[in-house]
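Input: a single structure, listed below in structure tokens.
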Amino acid sequence: MSSTRLTNLDLNLLVALDALLQNRSVTRAAAQMGLSQPALSASLARLRRHFDDPLLSRRGNEYVLTPLAQQLRERTRTVLAGVERVFAAEPVFDPASSTRQLTIVASDYSVAILGAPLTELLEREAPGMRVHFSANTPSIIDDAEHALVGVDLILLPHGFVTDLPHRDLHDDRWVCLVAASNTEVGEELTREQLTELPWVMTFHSPTASTPAARRLRMAGVEPRVEVVTEHFLTVPALVAGSGRVAVLQERLARRLSPEAGVRTVASPVDLGSLVEAMWWHPVNTHDPEHEFLRDVLRRAARTLDQA
């Protein structure tokens, strides 16, 4: 969109568009915004003229999003979050008095490893700040630069995102898990077992998988996938009491209690290591609040090797 078109556009329509796309109903969206239904209907009419698209189409007794509206739904929410962050900025940043909400996109592994030390530091240094951990998804990672418009950081290993500012936080390595009751596997898996045993995989799709799974395929091992989960913390429960095998980050595996019913075993294939990093949008590089957040997260990561 040209700057001229943007100047002539009422940005209040962005709020209306978000409410309409999220609620898929003029009545519910109007109630959310505290507007009358005729007022929001007028906004919808303006949006339809702007996009030359109905956006909401009636199907029976309900409205459905048009294909364009489906594309706009996530974009609108992301951009609106970015606008809110712009207008929440303060002329002088004081961590002790800041009430900013920090949004970090991260896997449950990252939250489990870094969540406690990060929140402990914030509680001491910025007690008014709140942290919102949002789950990462393949769609977010595939369009990370766009997603970072509306969030502060994405925590992710190298190999998924490029050409964005980042800072390494900590390293880890992959280990194999089998059930503690599995007597067929000794202290090390064989290549045959890697192929023959059923697997629990995390993020198993053409565009989303763990670096360890990629290393297996590069070594000529095609796992027989039986269960797929998008949460690392659920992997042990899906392996325990079964004949399945899985890979898990060693830092997470070391935290498992004997009651988890799993044990780590060596792999005949080098599963490689991972370097967890934080990634952000270039516009935030010199933002004082963002610099503070990155510093706190770096210090939280340093505590991992001290535990």
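Start at 1 with the first residue, then count along the sequence.
In the model, S97 has a side-chain atom that pairs as donor or acceptor with a side-chain atom of D94 under 3.5 Å. Counting only N and O atoms by type, the side chains of H50 and R46 include no donor and acceptor under 3.5 Å apart.
Within the 4.5 Å cutoff, the side chain of R167 has no heavy atoms near those of the W279 side chain. Between V200 and R244 the shortest side-chain heavy-atom distance falls below 4.5 Å. In this structure the side chain of E276 reaches within 4.5 angstrom of the side chain of L155, judged on heavy atoms. Residues V245 and V265 form no side-chain contact, since every pair of their non-hydrogen atoms from C-beta on lies 4.5 Å or further apart. H170 has its side chain within reach of I113: a pair of non-hydrogen atoms, C-beta onward, lies under 4.5 Å apart. Counting only heavy atoms from C-beta outward, the side chains of V221 and R191 approach each other to under 4.5 Å.
The shortest non-hydrogen separation linking A29 to N23 is CA-ND2, 3.8 Å. In plain terms, the two heavy atoms of N182 and S242 that are nearest each other are ND2-O, 4.2 Å.
Under the 4.0 Å criterion applied to side-chain N and carboxylate O atoms, R48 and D53 are not assigned as salt-bridge partners. Remark: R263 does not engage E187 in a salt bridge, criterion side-chain N to carboxylate O under 4.0 Å. R251 has a carboxylate O that lies under 4.0 Å from a charged side-chain N of D171, or vice versa, which qualifies the two as a salt bridge.
A cation-pi arrangement is absent between R255 and F232, since the terminal nitrogen or guanidinium carbon is not both under 6.0 Å from the aromatic centre and inside a 45° cone about the axis. A cation-pi arrangement is present between R294 and W280, with the terminal nitrogen or guanidinium carbon under 6.0 Å from the aromatic centre and inside a 45° cone about the axis.
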L148 and L164: CA distance, side-chain angles, deciding distance, side chain to side chain contact (heavy atoms under 4.5 Å, CB included) verdict: CA-CA 10 Å; L148 281 166; L164 285 173; 3.8 Å; yes

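Residue D152 forms a side chain to side chain donor-acceptor pair (under 3.5 Å) with just one option from H132, Q101, R100, and that option is R100.
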